[in-house]
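Read through the structure below, which is laid out as structure tokens, and then see the notes.
Every heavy atom of this structure was used, including side-chain atoms; hydrogens, water molecules and symmetry mates were not.
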Amino acid sequence: MSENLIEIRGLKKNFGDLAVLKGIDMNIRKGQIVALIGASGSGKSTLLRTINQLEEATAGEIWFDGQLVNQDLPHRAREKHLNQLRREIGMVFQHFNLFPHLTAIENVTLAPTMLKLQNKSDALTSGKALLDKVGLADRIDHYPSQLSGGQKQRVAIARSLAMSPQVMLFDEVTSALDPELVGEVNRVMKQLAQEHMTMIIVTHDLRFAEDVSDHVVFLADGLVVEEGPPAQIFADPKHELTQSFLKQVF
Amino acid sequence: MGLDFSILPEYSDYFLTGTLWTLALTALSMFFSISGGILFAVLQLNRHAIIRWPTSFIAWLFMGTPLLLQLFLVYFGLVQIGIDLNAFVAGVIALSLHFAVYNSDIIRSAIVAVDSGQVEAARSLGLSNFQALRKIIVPQAVANVTPALGNMMIALLKESALVSVIGVMELTLSAQRAISDSFRPFEFYIAAAAIYYIINLGLEQAVHFAERRTARYR
Amino acid sequence: MDIQLIAKVWPFFAEAAVVTVEISVLAILLGLSIGFAAGLGSLSHNKLIRLPVRFYVSFFRGTPALIQLFLLYFGGPQVGIQLDPFEAGVIGLGVNIGAYMSESIRGAIISVDKGQTEAGRCLGLGHAQVMRKIIIPQAARLMVRPLGVNAIALIKGSAIVSTISLVELSYTAHRFISSTYKPFEMFILASVFYLLIVTVFSYGVRKVDQRVAMD
């Protein structure tokens, strides 16, 4: 068994009086593909956003590659610490969040060049390769407004990959897409899975979760109710909450 | 010369009467500028170009020139044609005209912005045109105009300081009178500014209240 | 309408119009610089920056520009600030419009979708980098129009500097009204110049707006 890349201990998150995460424990190994499933409001997106501290944790610990993510540091030091960590943690959003004033290739090369990880020409070369990889070699100079939803999402994936992250977080990345565009994005994720990229996928698309993941975590009401290999979770769920959730959705 | 704010209470009468005149000036001009704004808006939405065109011209003229200039026109212009209005009335007229033009712009776009489907729905229920206007269009339009109109009225309060130039004894001119007696411009202008600021805060609260009251119609 | 009189005095108005343009342009430039700094400052995470900036904006938007100008010009010497009418006009108008411009700029920045900041931060970019490369370029398009409105309000508002004896358009109109008793003619004459300046300026703003909307 390989080492844990991410360890989450007793993670809690409140929004005001509302407790969204009520004590989550989770391990994610290198190369593991984890699907986070659960009803709307179960806390799965919040959990994902807490891993890279888009949401500050209320209590508990998040460890990434041997470093404590949610350290209590003075503002400047904390910013620096998070900027370093976030380079290693790629994130893809439901609404793409592509930079509309930049072309596809500029979206992809912006961060690596600004952070001086690559010079301009190297960034351009690898950026083109990434856009080619997601099937958009002919769209590199297009602005986001000129792309379809599926194409936008594939650019967003390429943009994250350009940082060579150790893990990719996917936050309902096909939820905002027209049904006929879902497949092209899922294919890219599948390909990443085959290359053993560590991935955490929040999704409502259970068939895709079953298909792509090697570990499924079912969340309900801010807690991990059940987890295990997809075959077991989907075919033979142990917990009654999981059973009723799957019955409703499938 | 150092600053000495302790002198201010001696002149509290100046501030009191000045504040009252500023409030009166602002309140009257608000009333007339809103009524005038509605009238102007209706005229500018008229079917006949002969009515629309002159009102649009006046609107363009008044929106493109300074209030101060309009104040001179009203005050000295009326004197020239033999109507010797006192400065306060001239001030109210100028402020009302100036802001009526801006208000009409806001009101007109609010009326236009009410979905035409609303009228159709009302008419299909058997309401007359007038009933539809009164019960359907106006409440929605009022909600639409409240924030922008409120900002305009807050601007009016501050612009009312300009009528000191034609000799209305409102807050600004009162401060000036007190200064010519005390030779302490800094203290007195700060005090006048503070009073304007407080009235302004009150007005902002009133506008927020009106916005909340009308927001449910949106 | 006394056409002969208009023909005789219009060169004085033309000369005064140049002063109105000069003072407006300088005040707009000052206002833009202050507005940018204050707009960003009002969004700072640091209270020591944010609170004074918010106070500045609130005070200058909450009190009459005329009072601010008098405070600077007549009250300034009491605290060691001696300015001639032109300097006081530029600074007074500029500091006043800067408060309004900062609100236009702040409004444009906060209306850029929050997801843009999140995406930038997720790539490991810092707050300042995200601002510079992602937020400001997008906000720039949104701020042209409101800043244009501020600037045009300033051109008209610049009339108040006539009250501190600066010989610009409104001062000239007032002077000729007093000496000729022809308020209507003088109003028309001054209006023509104001409308000309405002129209040219609005055209410029529209052009800039189209430019930024295109790229």
Atom [atom1] of [X] with >12 non-hydrogen neighbours under 6.0 angstrom:
X: Phe12(C); atom1: CZ; value: no
X: Phe86(C); atom1: CZ; value: yes
X: Arg50(C); atom1: CZ; value: yes

For Arg159(A), which atoms come within 4.5 Å of any heavy atom of chain C: side chain, backbone, both, or neither? both
With only heavy atoms counted, which part of Met163(A) is less than 4.5 Å from chain C, the side chain, the backbone, both or neither? side chain
Checking heavy-atom separations under 4.5 Å from chain C, one finds in residues 81-99 of chain A Asn83(A), Arg86(A), Arg87(A), Ile89(A), Met91(A), Phe93(A), Asn97(A), Leu98(A), Phe99(A)
Ile105(A) meets the side chain to side chain contact (heavy atoms under 4.5 Å, CB included) criterion, sequence neighbours left out, with Thr103(A), Thr109(A), Leu124(A), Lys128(A), Leu131(A), Ile140(A), Asp141(A)
For the student: nearest non-hydrogen atoms of His101(A) and Ile134(C), plus distance: CE1-O, 3.6 Å
4.5 Å side-chain heavy-atom contact, [X] and [Y]:
X: Gln129(C); Y: Leu115(A); value: yes
X: Leu110(A); Y: Leu125(C); value: yes
X: Arg121(C); Y: Gln53(A); value: no

Hey, mind stepping through Glu106(A) and Lys133(C) against side-chain contact (heavy atoms from CB on, under 4.5 Å) and telling me if it holds? CA-CA 11 Å; Glu106(A) 287 168 345; Lys133(C) 285 287 187 176; over 6 Å; no
Report the distance from atom CZ of Arg132(C) to atom CE of Met114(A), rounding to the nearest 0.5 Å. 4.5 Å
